[in-house]
Amino acid sequence: MLIFPSFMRLPARTSFPLRCVVAALGGLLYALAFPPLGWGWLVVPGVLGLLLALDGQRGTRARTLGFLHGLAAFATSLSWLQALFGGLAVLLFCILAAFTALFAEMQARAGARGISGWRFAAFTAVNWAGWEFIRAELFPLKFPWMTPGLAIGPHPILPAVGVYGMGAIVIFLVALLACGKWRHALGGLVVLTIGTLSWGRPGFPPGNGERDVKVAGLQFEGVSLTDLLAATRALPADVRHVAWPEYAVPYDLRKSPRDWKLIVDLCRERDLTLTFGTRLDEAVGEGWRNIALTADATGELGWHNKIHTVHLFDDGIPGKIALPVPTSHGPVGTPVCFDCDYEGVVRKMTAAGAEIFVVPIMDAEKWTAREHDQHAALFRIRACENGRWLLVCGSSGVSQIIDPRGGVQASLPAMAQGPVVGSMRRETGLTFYTRAGWLTPWCLLAAAVIGWVAMLVPGRWRGRTGGGEEQPEG
């Protein structure tokens with residue numbers, strides 16, 4: 001039984017080197033779905049190219065095609081990792097590409113079992129979603145960037161099933177397209193496109209209601225506390241919550257009575273709440289913590305210990321608790337930078353009562369604008385999943401004010417310096433995703449595991465093979 005209709009398949013005699021070229025080109029198209037180009041729907045031909053190259057292949061050949069697709073995608077889009085890790089970045093690219101190789105292995109087994117049509121599309125979706133969720137949230141070097149759901153961006157589906165559920169839907173439609181069910185596939189893709197075009201645009205900004213809060217973030221890198229104090233005093237008088245970047249004060253501020261008094265005096269003078277990145281030093285020999293500290297005229301209101309510290313960096317002791325900080329304008333979530341790359345911290349703070357979010361981040365200027373722009377997209381996903389306003393304040397960008405639909409109300413681009421100012425509205429309702437939809441990727445992973453086990457059980461292969469391929473087990 002053939003998986004693909006004849007007009008969608010590569011010729012049976014297509015050489016393996018040519019299939020490698022098709023897989024790598026698919027990876028390049030997939031990479032172009034993310035900034036700096038950012039044509040999100042290129043994930044469709046990007047994944048389709050891999051599926052076409054895999055048709056009829058299995059064993060080492062299938063894994064090689066998957067690895068080439070992943071390597072082309074990750075090495076192209078994430079080339080900025082070389083600025084952080086040098087030659088070690090090549091190893092990181094290979095680790096990420098290994099997940100695409102594992103996806104390809106299971107796809108090849110499904111094809112050889114003769115799975116086709118709707119069953120093939122469903123298996124492809126859960127197979128992709130399972131490996132993606134492991135790579136993004138469960139693997140020790142978890143990396144949630146470059147997923148199909150992230151490429152599509154804010155969408156009406158996100159508040160229901162989240163970014164991983166959205167990605168599974170996209171892959172399902174791509175697989176339908178590969179199976180020749182093009183009417184269903186194109187109809188679904190058109191519907192998704194309409195949702196993207198209508199949902200990601202910024203809505204009407206808040207006014208001056210009792211639930212509205214005027215906020216500002218100061219985008220500065222490598223400046224002194226004196227500079228930050230002066231820039232805060234220069235903000236409009238009606239600003240009520242100000243954010244400084246992660247590591248804005250790179251020492252334990254509360255151990256300096258003079259500097260701590262300057263902070264409290266500023267809050268009292270301007271009648272504002274301030275959230276900023278600083279550190280908490282533990283006892284000698286016990287390390288330190290990367291925290292977002294929130295204060296007002298009364299003194300310290302609370303702090304959040306960064307939970308997801310950055311891999312391979314000295315980023316402090318990870319925290320374990322995700323709770324909002326009580327302020328005069330309601331509970332405020334204050335996750336730190338990398339916390340928002342993953343789905344759990346913002347969701348847990350929202351479920352615990354956070355009505356708005358103020359997020360200090362640090363993307364170093366030397367990491368290039370491409371890294372900044374790619375990172376910025378993740379915060380829009382978190383806002384849309386949980387239906388909350390986010391003020392993101394970066395050291396060198398991208399600082400932005402994001403509405404509950406993932407639309408950007410105000411922003412300051414990468415490598416710029418200065419303030420971003422706007423209003424946010426306190427929200428209390430919970431999306432389905434916050435309540436229960438966050439279980440979607442877990443359900444997809446469970447379905448994938450069942451499918452993987454079924455594919456690993458020895459059985460009779462019924463699919464076609466190409467010359468020189470490995471023979472199946474059983």
Side-chain angles (χ1 to χ4, degrees), residues 213 215-218 220 225 228-229 232 240-268 270 272-284 286-310 313-342 344-362 379 382 388-395 399 424 426:
V213 183
V215 299
L218 295 179
F220 290 104
L225 176 61
L228 290 168
L229 293 169
T232 303
R240 288 295 167 263
H241 201 131
V242 175
W244 296 349
E246 181 183 12
Y247 291 115
V249 184
Y251 55 90
D252 194 335
L253 182 71
R254 290 168 299 179
K255 291 187 176 180
S256 171
R258 173 186 171 277
D259 290 351
W260 178 242
K261 184 176 184 300
L262 291 174
I263 294 291
V264 175
D265 288 347
L266 171 69
C267 294
R268 183 179 301 111
R270 293 297 307 269
L272 56 80
T273 302
L274 176 65
T275 298
F276 60 96
T278 184
R279 58 184 283 166
L280 171 65
D281 291 334
E282 300 286 8
V284 176
E286 296 185 8
W288 59 280
R289 299 180 184 274
N290 182 352
I291 67 171
L293 178 62
T294 302
D296 67 5
T298 65
E300 178 185 326
L301 296 176
W303 50 271
H304 167 74
N305 186 172
K306 187 177 185 178
I307 293 175
H308 294 286
T309 53
V310 179
F313 279 80
D314 181 12
D315 203 18
I317 301 170
K320 297 181 180 179
I321 300 174
L323 293 173
V325 174
T327 72
S328 60
H329 43 266
V332 178
T334 60
V336 179
C337 196
F338 215 45
D339 283 342
C340 296
D341 289 21
Y342 307 93
V345 176
V346 174
R347 171 178 57 81
K348 290 175 181 178
M349 286 184 173
T350 302
E355 297 178 353
I356 60 174
F357 281 82
V358 176
V359 187
I361 72 170
M362 190 211 75
F379 299 96
R382 300 287 93 88
R388 289 294 185 270
W389 287 82
L390 266 69
L391 165 62
V392 181
C393 179
S395 55
S399 295
M424 301 198 297
R426 295 161 54 195

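Count residues from 1 along the sequence. Please read these numbers as outputs of a predicted model, since none were measured by experiment.
- P245 and P360 make their closest contact through C-CB, 3.7 Å (heavy atoms, listed as atom of the first residue, atom of the second, distance).
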Let's go through Y342 and H308 carefully: what are the C-alpha distance in whole Å and the side-chain angles of both, what is the deciding distance for ring pair (Phe, Tyr, Trp, His ring centres under 6.0 Å) to 0.1 Å, and is it a yes or a no? CA-CA 8 Å; Y342 307 93; H308 294 286; 4.3 Å; yes
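- The backbone N or O of G316 sits nowhere less than 3.5 Å from a side-chain atom of N290 that would complete a donor-acceptor pair.
- Side-chain atoms of D314 and W288, non-hydrogen and from C-beta on, do get closer than 4.5 Å to each other.
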Show the numbers, then the answer: is there a side-chain contact (heavy atoms from CB on, under 4.5 Å) between L280 and D252? CA-CA 5 Å; L280 171 65; D252 194 335; 3.9 Å; yes
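- Ring geometry for H329 versus H241: interplanar angle over 60°, hence perpendicular rather than tilted (30 to 60°).
- Side chains of V346 and T350 form a contact here, defined as non-hydrogen atoms less than 4.5 Å apart.
- Between the OG atom of S395 and the CH2 atom of W244 there is a distance of 15.0 Å, given to the nearest 0.5 Å.
- A donor and an acceptor atom, one from each side chain of D281 and Y251, are nowhere located under 3.5 Å apart.
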With side-chain contact (heavy atoms from CB on, under 4.5 Å) as the test, would you mind laying out the steps for T232 and L229 before giving the verdict? CA-CA 5 Å; T232 303; L229 293 169; 5.8 Å; no
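- In this structure, L225 CG and L253 CG are separated by 6.5 Å, a value rounded to the nearest 0.5 Å.
- To the nearest 0.5 Å, atoms CG (L293) and CG (L301) are separated by 8.5 Å.
- Here the side chains of V215 and V358 are not in contact, with every heavy-atom distance at 4.5 Å or above.
- The pair E355-R388 fails the salt-bridge criterion, with no side-chain N (NZ, NE, NH1 or NH2) lying under 4.0 Å from an Asp/Glu carboxylate O.
- Taking all atoms of both residues into account, the shortest heavy-atom contact from F379 to I361 is CZ-CG2, 3.7 Å.
- Atoms OG1 and CD1, from T275 and I291 in turn, are 11.0 Å apart once rounded to the nearest 0.5 Å.
- The nearest pair of heavy atoms linking A243 to L391 is CB-CD2, 3.9 Å.
- Residues P335 and F357 meet the side-chain proximity criterion, which asks for heavy atoms closer than 4.5 Å.
- To the nearest 0.5 Å, the span separating OG1 on T278 from CD on E246 amounts to 11.0 Å.
- If you check the side chains of T334 and W303, you find no donor sitting under 3.5 Å from an acceptor.
- Residues P324 and V332 form no side-chain contact, since every pair of their non-hydrogen atoms from C-beta on lies 4.5 Å or further apart.
- Residues K348 and I321 fail the side-chain proximity criterion, which asks for heavy atoms closer than 4.5 Å.
- Of the possible donor and acceptor atoms, none in the side chain of R240 sits under 3.5 Å from a partner among the backbone N and O of L272.
- Within the 4.5 Å cutoff, the side chain of D315 has heavy atoms near those of the Y247 side chain.
- A297 approaches V264 most closely through the heavy-atom pair O-CG1, 3.6 Å.
- Under the 4.0 Å criterion applied to side-chain N and carboxylate O atoms, K306 and D339 are not assigned as salt-bridge partners.
- Partner of R289 under the side chain to side chain contact (heavy atoms under 4.5 Å, CB included) criterion, out of R279, E282, H304: E282 alone.
- Between V359 and C337, the closest heavy-atom pair is CG1-N, 3.9 Å.
- For the pair S399 (side chain) and G217 (backbone), a donor-acceptor distance under 3.5 Å is absent.
- No side-chain heavy atom of T273 sits under 4.5 Å from any side-chain heavy atom of V242.
- In this structure, CZ on R268 lies 9.5 Å from CG on D296, to the nearest 0.5 angstrom.
- A pairwise comparison of heavy atoms in P318 and T309 identifies CG-OG1, 3.8 Å as the closest pair.
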